[in-house]
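Here the structure is laid out as structure tokens; the discussion comes afterwards.
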Amino acid sequence: MTSTTLSTSSPLLPRPSIEPTQPPVSNDPPSFTPTHDASDINQIELLSVSWNQDYGCFAAGTSQDFRIYNCQPFKETFRRNLKTGGFKIVEMLFRCNILALVGGESNSHYPPNKVIIWDDHQSRCIGEFAFRSDVRAVKLRRDRIVVVLEHKIYVYGFMDLKLLHQIETLANPRGLCCLSHHSNTSVLACPGLYRGLIRVEHFGLNIMKLINAHDSHIACLTLTLDGLLLATASTKGTLIRIFNTMDGTRLQEVRRGVDRADIYSIALSPNFQWLAVSSDKGTVHIFHLRVRVFGGHSSSQQSSVHGPALLHQNSSTSLDALIPPSSGANPSSSLSFMRGVLPKYFSSEWSFARFHLPEDTQFIAAFGSQNTVVVVGMNGSFYRCSFDPVHGGEMLQQEYVRFLKTKT
């Protein structure tokens, strides 16, 4: 049975958001080395990359340190070398001073079964969770800390670090779990106890929903910022499905391809219009969402204001499938009129736009501003590309950076 221990030296108090181009600590203690010599760069191995909650930044855990990068404009914001080894998990909380860290296998001070709550203003660890097995993932929101183990998920209060919930899951070596990030919704999605099953917790409404998402094991899942929509893919990797988290209804299904693929990431745009998928096939696919949010608006700012209130409606009609106009629609086979007669892929919705990556590595993708997609690779590459929201097709590369070689 898994147990946890906790030691804290002060309460968790996230400071106001930090501008992404300014280091959050003005005077580093002697144990920090914010920059590296050129001779060190070739020895650095990238262990993890992860977005912050609004996809404006990403964190990189390396074999020597952890680093924070701003996406637009692209810039390394800061790096921290604690002289103990690398970090396999670095989780940001928007752009505030609090981060969650999990050490890599070679870290002499922070082992992979511990979660370190790091205050970068104080330049020290202010909280620690220890477990009997390795930590697979950590997710943060302003009122919760979620620790994912292979068979269990622990949910803690952010301010007092008290254990609030324990959730048992099927074997979850990928650490699959996602959270909503609006203040008036509290939604968690994770694998259930059976293959292809997803458990959705609406903590604020005291509602738990089980969704039979796929026949195969779950490979990837993500929520919209307000938790209204859930997108999922299985280990087969051919189909991505979008669900209403309130009643579990399937709203849309799109097809990445016919061959099996390992899905690396799924992203939903803040305005509910687009879905992005990256896989081991070396392509980022963009799909148009045929989902209408009642009360929603086209701009991401407006939808983020109106969207969360929809969860307070005691109805499954706050989301509805909507057949879009011809412009911006996902292409379907010309044989789609034979639905039910020919194999299913003949009537599938295929990607609206796509970007072919020239490198053979694992990539995660997210939406930027003004019809752009940002892509980060485990080989230390960063791409920004744009897509035509009317005609789709091949995306245009706008920016490319080898970020492990950039210096502050």
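As the structure is a computational prediction, the values presented were derived from the model and not from experiment.
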How would you list, by chain and number, every residue that makes a ring pair (Phe, Tyr, Trp, His ring centres under 6.0 Å) with [X], sequence neighbours excluded?
{"X": "Tyr264", "answer": "none"}
{"X": "Tyr383", "answer": "Phe355, Tyr400"}
{"X": "His151", "answer": "none"}

- Item | Pairing residues for Leu197 by the side chain to side chain contact (heavy atoms under 4.5 Å, CB included) criterion, not counting sequence neighbours |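 Per chain and number, Leu197 pairs via side chain to side chain contact (heavy atoms under 4.5 Å, CB included) with Tyr194, Leu210, Asn212.
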Going by salt bridge (Lys or Arg N to Asp or Glu O under 4.0 Å), name the pairs with one or both residues in [range], residues two or more places apart or in two chains.
{"range": "residues 277-289", "answer": "none"}
{"range": "residues 166-178", "answer": "Arg174-Asp262"}
{"range": "residues 196-207", "answer": "Arg199-Glu201"}

In chain order, what residues pass the side chain to side chain donor-acceptor pair (under 3.5 Å) check against [X], with sequence neighbours excluded?
{"X": "Thr232", "value": "His214"}
{"X": "Gln397", "value": "none"}
{"X": "Asp388", "value": "His391"}
{"X": "Lys114", "value": "Glu128"}

Would you check if the distance from the ring center of [X] to the ring center of [Y] is below 6.0 Å?
{"X": "Phe129", "Y": "Tyr156", "result": "yes"}
{"X": "Tyr69", "Y": "Phe403", "result": "yes"}
{"X": "Trp350", "Y": "Phe287", "result": "no"}

- Are His356 and Thr283 close enough, and set up right, to give a side chain to side chain donor-acceptor pair (under 3.5 Å), and what steps lead you there? CA-CA 5 Å; His356 297 283; Thr283 305; 3.2 Å; yes
- Atom pair CD (Glu359) and CG (Asn379), whose distance is rounded to the nearest 0.5 Å: 4.5 Å
- Task: Please work out which of the three classes, parallel, tilted or perpendicular, describes the rings of Phe382 and Phe58, given edges at 30° and 60°.
- Result: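 Phe58 vs Phe382 ring planes: parallel.
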- Query: How about Asn113 and Asp134: does a side-chain donor come under 3.5 Å of a side-chain acceptor?
  - Reply: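 No.
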- Query: Does Thr222 use its side chain to pair, donor to acceptor, with the backbone of Ala231 at less than 3.5 Å?
  - Reply: no
- Item | Backbone of Cys71 reached by a side-chain donor or acceptor of Arg384 within 3.5 Å | yes
- Which residues share a salt bridge (charged side-chain N to carboxylate O under 4.0 Å, His left out) with Glu105, sequence neighbours left out: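 For Glu105, no residue satisfies salt bridge (charged side-chain N to carboxylate O under 4.0 Å, His left out) once neighbours in sequence are set aside.
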